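Everything below concerns the one structure shown next.
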Amino acid sequence: MIEHTDMERRLTGSALRSLWSAGSVLRGAVVILILAGCPGQIVAQKVQRSSEQTASQPGGKTSNPGRSSSVLVSTDEDYHIGVGDVIEVQVEDMPEASKSIRVTAAGMFLMPILGRMKAQGKTPENLAQEIADRLRGDYLKDPKVSVVVRDYNSRSFFIQGAVRSPGVFQIEGRPSLLTLITLAGGLADNHGAVSFIIRRAKQQQQPIGADQGKADRDSTAGPLLTPGQTAASGGEEAAASSIEDEEPKYELLRVNINSLLRGNFNNNALLQPGDIVNIPPSDVFYVAGEVKAPGSFSLKEGTTLRQAISLAQGTNYNAATERAIIFRDDANGTRQEIPVDIGAVMKGKKEDVRIIANDIIIVPNSRMKSLGGALIRAFGLSTVTRVPVP
């Protein structure tokens, strides 16, 4: 049994009399339940707030201002804000000026209190310094401003086709084709020899017509502002909107991957944001008929008829090598039949034939050899010794 001191008994009796005089024992029980539940609620709020703070930081840790752990950082240059990026501006002691903003197509954003500002082409540090300079004096004595890029929408690079991990990658600076292929996990086993880079062509703004320019001069008191000036942000947005309304045009760049992987780094093209890299699977050709291993084979650059027959492990005894045919589709889709003498090509007596994508090499059967083979098998001979003819 638990023994209580006189002091504890007096305190307990005093507490009970106080509760009874207040109205009921139930009220005291409610108070006790509330007090018992408060610590758990406080702890839950701390955990939730802590998780929210962790979630607000990429990767659960504090990164350098203006950078996110989900973007491949370039050591060559600092990140420059681009169109479509989402930036978060934080001003100490001025919460009304702190917010997340998306950069418009004209490269501008609406900064509370200060109005429209240009962000495109500036680093987060430079933009933070510019905002602080404009707030200093009239609004704050010593403003402390930070700018962080939350969404890197202007640094997207796309890769698809015969790579191990196709997708979209966010990269600072100007990566090369080899860098993007490496980020995509490398080339797949069935990759082709050529990579295609699809790039959106730059569209130039159309100059303002003479009549329109005259009307603008008549309606404004002062000289016309150039598109690069901050006060002409409305004109920049209008010009950007007109460009977006036009149908996009693209240009196609062709890069030889095999040559690049062999050390010819002149083919290591520099990419631009928005580029789409497509690496088609390898082309194939077919060998059928009297060969030891018929089937489809990957077409490598410079593959010839001699190499194709070697990949098929050579011809059979019954093959009519002098009457082989290559079926080939031309650019118009018309099928051509190209007769070839495989025996002469293999012996070097005739020029080798280059194989292109989707060629079908047919090695026919020789009736005389087939008949001779049947007679030999009928007589019970399993092997035949060939005597070379001088």
Side-chain angles (χ1 to χ4, degrees), residues 158-167 177-178 180-182 184-198 252-264 267 276-370 373:
F158 307 82
I159 185 168
Q160 62 183 10
V163 291
R164 301 189 185 278
S165 300
L177 175 61
L178 190 57
L180 186 59
I181 292 175
T182 304
L187 296 168
D189 295 336
N190 63 335
H191 74 88
V194 178
S195 170
F196 297 98
I197 301 174
I198 304 171
L252 185 65
L253 306 179
R254 181 187 176 104
V255 178
N256 191 316
I257 296 180
N258 289 343
S259 178
L260 171 61
L261 297 179
R262 285 196 295 264
N264 186 3
N267 291 326
I276 302 173
V277 177
N278 181 33
I279 303 178
S282 173
D283 292 322
V284 296
F285 66 92
Y286 306 88
V287 182
E290 292 295 335
V291 291
K292 296 179 181 178
S296 61
F297 302 90
S298 296
L299 179 67
K300 303 299 183 181
E301 186 179 5
T303 300
T304 63
L305 177 62
R306 186 180 301 169
Q307 294 171 343
I309 298 300
S310 300
L311 289 173
Q313 300 182 14
T315 58
N316 295 326
Y317 171 75
N318 296 335
T321 56
E322 71 283 357
R323 293 190 290 110
I325 299 176
I326 299 177
F327 293 96
R328 177 175 296 174
D329 294 335
D330 60 13
N332 298 325
T334 304
R335 171 153 295 188
Q336 301 176 343
E337 296 184 9
I338 305 174
V340 290
D341 188 344
I342 293 178
V345 171
M346 298 299 288
K347 294 176 182 178
K349 296 181 179 180
K350 286 190 176 182
E351 186 178 357
D352 205 352
V353 180
R354 184 174 180 179
I355 303 300
I356 65 174
N358 299 318
D359 275 359
I360 303 175
I361 304 171
I362 302 295
V363 182
N365 179 276
S366 172
R367 293 183 179 179
M368 293 300 297
K369 291 182 179 179
S370 299

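Remember, predicted model here, so these are calculated numbers, not experimental data.
Under the side-chain contact (heavy atoms from CB on, under 4.5 Å) criterion, I257 pairs with L187, S195, L261, I279, not counting sequence neighbours. Not a single salt bridge (Lys or Arg N to Asp or Glu O under 4.0 Å) links D330 to another residue, sequence neighbours left out. Taking the side-chain contact (heavy atoms from CB on, under 4.5 Å) definition, one finds that I276 meets it with F158, Q160, I198, sequence neighbours left out. Scanning for side-chain hydrogen bond (donor to acceptor under 3.5 Å, both in side chains) contacts around N267 gives S259, with sequence neighbours left out. Here D359 pairs with R328 under the salt bridge (Lys or Arg N to Asp or Glu O under 4.0 Å) rule; sequence neighbours left out. With sequence neighbours excluded, the residues forming a side-chain hydrogen bond (donor to acceptor under 3.5 Å, both in side chains) with E301 are N256, listed by chain and number. Under the side-chain contact (heavy atoms from CB on, under 4.5 Å) criterion, P364 pairs with A320, R323, A324, not counting sequence neighbours.
No side-chain heavy atom of V277 sits under 4.5 Å from any side-chain heavy atom of V255.
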Before giving the answer on side-chain contact (heavy atoms from CB on, under 4.5 Å), spell out for D283 and F285 the whole-Å C-alpha distance, their side-chain angles and the decisive distance to 0.1 Å.
CA-CA 7 Å; D283 292 322; F285 66 92; over 6 Å; no
Could you walk me through whether L299 and V284 satisfy the side-chain contact (heavy atoms from CB on, under 4.5 Å) test, starting with their C-alpha distance in whole Å, then the side-chain angles of each, then the deciding distance to 0.1 Å, before giving a yes or no?
CA-CA 5 Å; L299 179 67; V284 296; 5.8 Å; no
Give the intermediate values and the outcome of side-chain contact (heavy atoms from CB on, under 4.5 Å) for residues T315 and E290.
CA-CA 6 Å; T315 58; E290 292 295 335; 5.8 Å; no
List, one per line, each side-chain donor-acceptor pair under 3.5 Å for residues 291-298, sequence neighbours excluded.
none

Would you be so kind as to tabulate the donor-acceptor pairs closer than 3.5 Å made by side chains of residues 331-345, with sequence neighbours excluded?
| from | atom 1 | to | atom 2 | distance (Å) |
| --- | --- | --- | --- | --- |
| R335 | NE | D329 | OD1 | 3.2 |
| D341 | OD1 | G343 | N | 3.3 |
| D341 | OD1 | A344 | N | 3.3 |

For residues 346-354, which side-chain N or O atoms pair as donor and acceptor with protein atoms under 3.5 Å away, sequence neighbours left out?
| from | atom 1 | to | atom 2 | distance (Å) |
| --- | --- | --- | --- | --- |
| D352 | OD1 | L305 | N | 3.3 |
| D352 | OD1 | R306 | N | 3.2 |
| D352 | OD2 | T304 | OG1 | 2.7 |

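Between T182 and L178, the closest heavy-atom pair is OG1-O, 2.8 Å.
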